[in-house]
Asker: 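Pasting a structure here, questions to come.
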Amino acid sequence: MGVEIKIENLTKSFGKDLIWKGVTLTVPAGEICVMLGPSGTGKSVLLKTLIGLLKPNEGSVIIEGVDIANCSEKDLYEIRKLFGVLFQDGAMFGSMNLYDNVAFPLREHTKKSESDIRKIVMEKMDLVGLIGAEYKLPGEISGGMRKRAGLARALVLDPEIVLFDEPDSGLDPVRTSFLNQLIVDLNAQIDATFVIVTHDVNSCRTVPDNIGLLYHKHLAMFGPREMLLSSEEPVVRQFLNAQRVGPIGMSEEKDADELAAESDQELPPLPPIPLQLAPSNGIPRRAQRPPGEWCRLNGITPPPGSFMSQNAGLAPGS
Amino acid sequence: MATLTPAKALAPIGTAGKLFAFALDVIRALFKRPFQLREFLQQSWFIASVTIIPTALVAIPFGAVIALQVGGLIKQFGAESFTGSASVLAVVRNAGPIATALLVAGAGGSAIAADLGARKIREELDAMMVLGIDPIQRLVVPRVLACMLVAVFLNGLVSVVGVAGGYFFNVVLQDGTPGAYLASFTALAQLADIWQGLLKALVFGMIAAIVACYMGMNAGGGPKGVGDAVNQSVVITFLLLFVVNFVMSALYFQLVPQKTGG
Ligand SMILES: Nc1ncnc2c1ncn2[C@@H]1O[C@H](COP(=O)(O)OP(=O)(O)OP(=O)(O)O)[C@@H](O)[C@H]1O
Ligand SMILES: [Mg+2]
């Protein structure tokens, strides 16, 4: 049914190296949430903290009443059964072929017979389009295929929470849009809570219910998709519209000179907000809201041309 | 740049502490079911396959050198009747365990550290933990047991090959008499020597495997991190094994009454 993730005042540093601080957000049960941020802002670290692979220095991550950041090893292994995780590079077990990789969680945690396992594995392999590659080793396939295999493995135990670390990096644009559709369809089907880390602004504009932006060692903004897409906040606006004008520079922040040079440049107008990607069977997801609802409720006028098409305001080249 | 801050100076102590904590985790996981029999057999086979041939090759010159040295020395004393016994003692008590230690750490341990290190940087270990499986129970315990088993075998191998090499040198090259060589075996050596050799091999195998697993599982920073982990694991294991060998030998002489010959 999906489970809520409540993150409170989370701070993480490696030695003296502060990664982020004071991150507070709640991912509502069953919704799709995308975390964005420039490279190296600790998005992967945040995901790993959510599953207890890394311990935060401060704060708590509460899932079903258990604080993952401070619970015992035993509780942790128990609560992890709720999760399906897709790692940045798939993290397939190198010594097993794809079939055994996907079957692994079933063999470990269920008492299903081999024929039942075969049925489930084949269904998941079909879902991610890997039929025919079952008996390949992870070393013999492309990065994109490894990623899809990782997704199949993450889904095999019917998780309540699915974490995706950059599902779309290393995939071609066609596969990326198939994957986005797959994510939305999956959410409609299993109603799990999805947390997706990505750089891809296009996916981020159309897929999620909520968006969070990590920037400069803190959570710059977190909220409904329409709130961030209509936001005038410089960082949010620059990142979500993939612009050069704004406070983000090539290496983290721009310095004062660069910002001053930009100050007389006209900011381009906010692009229209695209329609949210709907499940392919046309039945709305449980967490889906009517287009424009948030803007209406909050008295915000969306940029002209909003909610007309799914491609509105997409970055060029897609 | 490289100033010696207290934090840096104390880092080795921290590592030693973590290594010890890791060893305790391994011992605790030893008793968790289900036991990973398949992994254990695979690893035993793997470690044996990378160590047996180098061990045999090292053991022959080891036995020969000891036979030469001991043989020469003993001639000077005029106690030829003890040659066999002396080389058995030297091989079984020390050469066997030391050669085993070198090979288990150098060949077996480095292979383990490289394997686990690669899994660590590919995030396989993270994936395993997320799938609710403890890598210590799943991967480390079978490797530690496999290393101990193989170390015992290697110790036996070194002893046999070493004694045979000693026999060859003494009888064939130094004109000793076969009967005297064999007959003197029991003059100074005793059964306890074999037991202590065995025990040493077990302990060495355990230490080598635990250090290798620890270094591998804590590799970081990409492929270079794996190389560093392998390197460090071999060096640390060598240091530890020589110290432990000394301590165990000293204890052995204190605890077990020695034969006086004759
Ligand atoms: N185990 C670790 N030990 C020390 N530092 C780490 C560790 N893991 C990550 N870091 C540091 O944390 C920072 C954030 O890393 P992270 O991988 O989370 O970035 P990211 O936002 O996922 O970037 P990308 O989008 O490129 O994947 C980096 O500066 C990295 O060096
Ligand atoms: Mg990352």
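Computed from a prediction, not measured in an experiment: that's the story for all the values here. Reminder, nothing fancy here: chain letters follow the sequence lines and each chain counts from 1.
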Asker: Counting only heavy atoms from other residues, nucleotides and ligands, does the tally under 6.0 Å from NZ of K224(B) exceed 12?
Answerer: no
Asker: Can you list the steps and then say if I133(B) with Y77(A) is a side chain to side chain contact (heavy atoms under 4.5 Å, CB included)?
Answerer: CA-CA 8 Å; I133(B) 288 159; Y77(A) 276 108; 5.7 Å; no
Asker: Is the number of heavy atoms from other residues, nucleotides or ligands within 6.0 Å of NZ (K21(A)) greater than 12?
Answerer: no
Asker: Work out which heavy atom in E123(B) is nearest to a heavy atom in A91(A); give both atom names and the distance.
Answerer: O-CB, 3.5 Å
Asker: How about CZ on F20(B), more than 12 heavy atoms from neighbouring residues, nucleotides or ligands closer than 6.0 Å, or not?
Answerer: no
Asker: With a sphere of 6.0 Å drawn around CZ of F153(B), does it hold more than 12 non-hydrogen atoms of other residues, nucleotides or ligands?
Answerer: no
Asker: Let me know which of L54(A), V85(A), L53(A) forms a side chain to side chain contact (heavy atoms under 4.5 Å, CB included) with D126(B).
Answerer: L53(A)
Asker: Which heavy atom of A127(B) sits nearest a heavy atom of F93(A), and at what distance?
Answerer: CB-CE2, 4.4 Å
Asker: Is it the case that more than 12 heavy atoms not belonging to Y135(A) sit under 6.0 Å from its OH atom?
Answerer: yes
Asker: Quick one: do R80(A) and L131(B) satisfy side chain to side chain contact (heavy atoms under 4.5 Å, CB included)? Show the steps, please.
Answerer: CA-CA 7 Å; R80(A) 276 183 187 151; L131(B) 291 173; over 6 Å; no
Asker: What do you reckon, is CZ of R175(A) surrounded by more than 12 foreign heavy atoms closer than 6.0 Å?
Answerer: no
Asker: Restricting to non-hydrogen atoms, name the atom on S95(A) and the atom on R119(B) that form the minimum distance, rounded to 0.1 Å.
Answerer: OG-NH2, 4.1 Å
Asker: Rounded to the nearest 0.5 Å, what separation is found between the CG atom of N101(A) and the CD atom of E124(B)?
Answerer: 7.5 Å
Asker: Nearest 0.5 angstrom please: M129(B) CE to E73(A) CD, how far?
Answerer: 8.5 Å
Asker: For chain B, which of G150(A), P138(A), A154(A), G94(A) has the most heavy-atom pairs under 4.5 Å?
Answerer: G94(A)
Asker: More than 12 heavy atoms of other residues, nucleotides or ligands under 6.0 Å from CD1 of I27(B): yes or no?
Answerer: yes
